[in-house]
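For reference, the structure is listed below as structure tokens.
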Amino acid sequence: MTAMIALGLEGSANKLGVGLIRHDMSTTPPTVTILSNLRHTYHPPPGEGFLPKDTALHHRSHILELIKNALAEANITHKDISVICFTKGPGMGGPLTSVATVARTLALMWNKELVGVNHCVGHIEMGRQITGAENPVVLYVSGGNTQVIAYAEKRYRIFGEALDIAVGNCLDRFARVLNLPNDPAPGYNIEQLAKKGTKLVDLPYTVKGMDVSFSGVLSYIETNAPALLASGEYTEADLCFSLQETVFAMLVETTERAMAHIGSREVLIVGGVGCNKRLQEMMDQMASQRDGKVFATDERFCIDNGIMIAQAGILAYQTGYTTPLEKTWCTQRFRTDEVFVAWRE
Amino acid sequence: MSTGSLHERLTLQIPFPSPRLAKIAADVLEVDKDLKPEVSRRIITTQDSIMTLDFHTSTLKLLRTVVNSSLEMVQMVVNTMGVFDDVERAQQP
């Protein structure tokens with residue numbers, strides 16, 4: 001077979017993604033083509049976060065239309081699909097299972113194999129594919145995850161991580177305090193507001209070796225924001241600016257520590273928070289000082305999407321890996337290093 | 001494991017257009033195991049074109065919860081079949 005097409009289904013948080021990717025095996029290396037990459041996001045009202053039940057309902061309501069549109073845009077039928085890939089975890093239970101249920105049903109109706117994909121590995125593999133980074137230290141930062149990762153001997157090893165909440169979760173929850181809209185994303189709106197900030201508020205900075213902690217800085221800024229704003233000394237923009245500068249500096253520090261430890265000169269930033277231009281800028285300043293380079297993708301790929309699931313899934317499938325039906329259950333906890341990365345040296 | 005001590009019961013019989021689709025639905029749902037089998041169990045069987053869901057729980061509240069979430073998944077399966085299955089459609093005159 002010269003060409004393989006994978007369908008990827010993603011729904012671990014509030015973004016529902018469907019992607020179709022084609023690997024043409026007749027070239028070396030294989031030619032990878034994105035046939036379609038569609039997303040529909042659930043936005044709760046300002047001041048609120050997304051809850052599992054509502055998120056699962058959103059995914060169930062939109063997934064079939066999204067799959068239909070993805071097939072149409074790719075100009076293929078289900079007969080052309082080689083494998084169906086879906087997010088096994090980590091993430092929110094109800095949303096994950098809603099999407100997996102569709103994946104299983106399609107697989108049985110169309111007689112296709114299934115591959116359950118680790119969400120984090122999906123981000124990494126799409127980042128590698130898009131940017132061409134050879135062997136970078138990966139900073140994976142989103143609303144649900146914060147990890148510093150490096151590849152070694154068939155596993156994506158976690159060098160450091162957030163001990164309590166993810167950096168994106170910290171930012172999203174502060175956005176609720178300011179009642180910022182959740183459309184297109186609370187983090188995006190904080191980023192825009194932060195651009196107008198000029199004054200730096202002294203906030204708790206918590207790096208513990210290779211790990212970071214955000215619950216302290218979040219609780220500090222949640223508690224003190226009203227007084228800081230009421231004093232007239234600081235604006236909402238200043239608070240957004242200060243929060244970003246603080247949490248991003250923590251991420252840059254631990255990423256640098258990993259680079260120094262491994263002797264790597266490449267940083268790949270993946271995950272929704274990776275879209276943030278200020279984070280990219282700060283990381284770039286550090287990397288340049290070390291003669292290094294930062295790789296990042298745009299919102300099509302750094303925000304949760306279906307194509308990354310198709311990509312990570314098809315790579316595993318090409319090594320002979322499939323997930324038997326009885327093992328296609330979903331799990332809220334799924335460590336990045338649990339995956340055997342058979343497709344890399 | 002016996003369900004004798006789980007006194008709250010409900011049985012749902014869901015018809016499908018064919019035994020093939022009933023079996024597919026059952027296989028899809030069967031993957032997700034009972035979260036707390038000691039207090040809530042769901043037994044899935046098929047007979048011809050009908051899928052039967054037998055719920056056994058210790059409390060009414062648990063019964064409501066498991067029936068509701070199961071029906072949400074059944075609905076998802078049925079809708080998926082409605083949109084994407086062409087085997088049954090091909091066999092129609």
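Side-chain atoms are counted along with the backbone in the values below, which use heavy atoms only and exclude waters and symmetry mates.
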Query raised in the report: Just wondering, more than 12 heavy atoms not from L35(B) lying within 6.0 Å of its CG?
Result: no

Query raised in the report: Who passes disulfide bond (SG atoms under 2.5 Å apart) against C330(A), sequence neighbours left out?
Result: none

Report summary line: Honestly, the part of L71(A) sitting under 4.5 Å from a heavy atom of chain B is side chain

Dump the table of donor-acceptor contacts under 3.5 Å between chain B and chain A, or return none if there are none.
{"unit_1": "R20(B)", "atom_1": "NH2", "unit_2": "M109(A)", "atom_2": "O", "d": "3.3"}
{"unit_1": "V28(B)", "atom_1": "O", "unit_2": "R104(A)", "atom_2": "NH1", "d": "2.9"}
{"unit_1": "D32(B)", "atom_1": "OD1", "unit_2": "R104(A)", "atom_2": "NH2", "d": "3.0"}
{"unit_1": "D32(B)", "atom_1": "OD2", "unit_2": "R104(A)", "atom_2": "NH1", "d": "2.9"}
{"unit_1": "F84(B)", "atom_1": "O", "unit_2": "W110(A)", "atom_2": "NE1", "d": "3.2"}
{"unit_1": "D86(B)", "atom_1": "OD2", "unit_2": "H78(A)", "atom_2": "NE2", "d": "2.8"}

Query raised in the report: Could you give the distance from CG (L64(A)) to CE (M81(B)), rounded to the nearest 0.5 Å?
Result: 12.0 Å

Query - Contacts of L60(B) that satisfy side-chain contact (heavy atoms from CB on, under 4.5 Å) - sequence neighbours left out - result: E8(B), L63(B)

